[in-house]
Amino acid sequence: TFVVTENCIKCKYTDCVEVCPVDCFHEGPNFLVIDPDECIDCTLCEPECPAEAIFSEEELPEGQQHFKQLNAELTKSWPVITEKKAMPADAKEWDGKPDKLKLLER
Ligand code: SF4
Ligand code: F3S
């Protein structure tokens, strides 16, 4: 299973959704998550993310392990997204900023 991690928050470029063959991305106000029950480990989304926010659950960076549980939890209440949309106007300013988890909107 692949996991969306912290750097997606407030960047939300959505390039990832277009390549997923099984439509397992779900969209929240300022973050996307992957449905772990649908992901088939095709690896296609990982290189598509300009924010490098997508990792295999086996390769989650230090401090990002809790995003596995967060993806599983939030996917239940957020709708599926399959088409790329415009990124937030300030997406590039937030790219790479630390401690964005507190800014996550549910
Ligand atoms: Fe979708 Fe493949 Fe990414 Fe899983 S690894 S979320 S199946 S694109
Ligand atoms: Fe987020 Fe990267 Fe997709 S920033 S919306 S995981 S392309």
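Counting convention: from 1, in listed order, for ligands and their atoms alike.
- Ranking protein heavy atoms by distance to atom 1 (Fe) of ligand 2, first place goes to Cys8 SG, 2.3 Å.
- Taking every non-hydrogen atom of Ile54 and a distance limit under 4.0 Å, the qualifying atoms of ligand 2 come out as 6 (S).
- Listed by atom number, the atoms of ligand 1 under 4.0 Å from Thr43 heavy atoms are 2 (Fe), 5 (S).
- A salt bridge links Glu57 with Lys68: at least one charged nitrogen is closer than 4.0 Å to a carboxylate oxygen.
- When all heavy atoms of Thr75 and Ile34 are compared, the pair lying nearest together is OG1-C, 4.2 Å.
- Remark: ligand 1 atoms within the under-4.0 Å shell around heavy atoms of Phe2 are 5 (S).
- Less than 4.0 angstrom separates some heavy atom of Pro50 from each of these atoms of ligand 2: 7 (S).
- Under a 4.0 Å criterion applied to the non-hydrogen atoms of Leu32, ligand 2 contributes the atoms 5 (S).
- With hydrogens and angles ignored, the 3.5 Å screen pairs no side-chain donor or acceptor of Asn7 with any backbone N or O of Ala53.
- Between atom CH2 of residue Trp78 and atom CZ of residue Arg106 there is a gap of 7.5 Å, rounded to the nearest 0.5 Å.
- In terms of protein heavy-atom proximity, atom 1 (Fe) of ligand 1 is nearest to Cys20 SG, 2.3 Å.
- Within ligand 1, counting atoms from 1 as listed, the ones closer than 4.0 Å to a heavy atom of Ile34 are 6 (S).
- Screening Cys45, Cys20, Cys24 for a side chain to side chain contact (heavy atoms under 4.5 Å, CB included) with Cys39, the sole residue that qualifies is Cys24.
- Under 4.0 angstrom from ligand 2, there are no non-hydrogen atoms of Asn7.
- The backbone N or O of Cys8 lies less than 3.5 Å from no partner atom in the side chain of Lys100, so there is not a single donor-acceptor pair.
- The shortest heavy-atom distance from Glu48 to ligand 2 is not under 4.0 Å.
- Contact atoms of ligand 1 toward Cys45: 3 (Fe), 5 (S), 6 (S), 8 (S) (distance under 4.0 Å to a heavy atom of the residue).
- A distance of 8.0 Å separates CD of Glu18 from OG1 of Thr82, quoted to the nearest 0.5 Å.
- The shortest non-hydrogen separation linking Trp94 to Cys11 is C-SG, 3.7 Å.
- Distance check for Cys16 against atom 2 (Fe) of ligand 2: none of its N/O/S atoms falls below 2.8 Å.
- Closest approach of Leu70 and Val33 over heavy atoms only: O-CG1, 4.4 Å.
- Taking all atoms of both residues into account, the shortest heavy-atom contact from Glu48 to Cys16 is CB-CA, 4.3 Å.
- Each of the following atoms of ligand 2 lies closer than 4.0 Å to a heavy atom of Thr14: 3 (Fe), 5 (S), 7 (S).
- For atom 7 (S) of ligand 1, the closest non-hydrogen atom of the protein is Ile40 N, 3.4 Å.
- For the pair His26 and Ile81, the tightest heavy-atom approach, listed with the atom from each and the gap, is C-CG2, 4.0 Å.
- Ligand-side atoms of ligand 2 in range of Asp15: 7 (S), range being under 4.0 angstrom from any heavy atom.
- The ligand atoms of ligand 1 that sit less than 4.0 angstrom from a heavy atom of Cys39 are 4 (Fe), 5 (S), 6 (S), 7 (S).
- Interface atoms of ligand 2 facing Cys49, defined by a heavy-atom separation under 4.0 Å, are 2 (Fe), 4 (S), 6 (S), 7 (S).
- Those atoms of ligand 1 that come under 4.0 Å of a heavy atom in Cys42, given as number and element, are 2 (Fe), 5 (S), 7 (S), 8 (S).
- The minimum heavy-atom distance between Ile40 and Val22, with the atom names listed, is CD1-CG1, 3.9 Å.
- Under a 4.0 Å criterion applied to the non-hydrogen atoms of Val22, ligand 1 contributes the atoms 7 (S).
- Atom numbering of ligand 1 starts at 1 in the shown order; those under 4.0 Å from a heavy atom of Cys24 are 1 (Fe), 6 (S).
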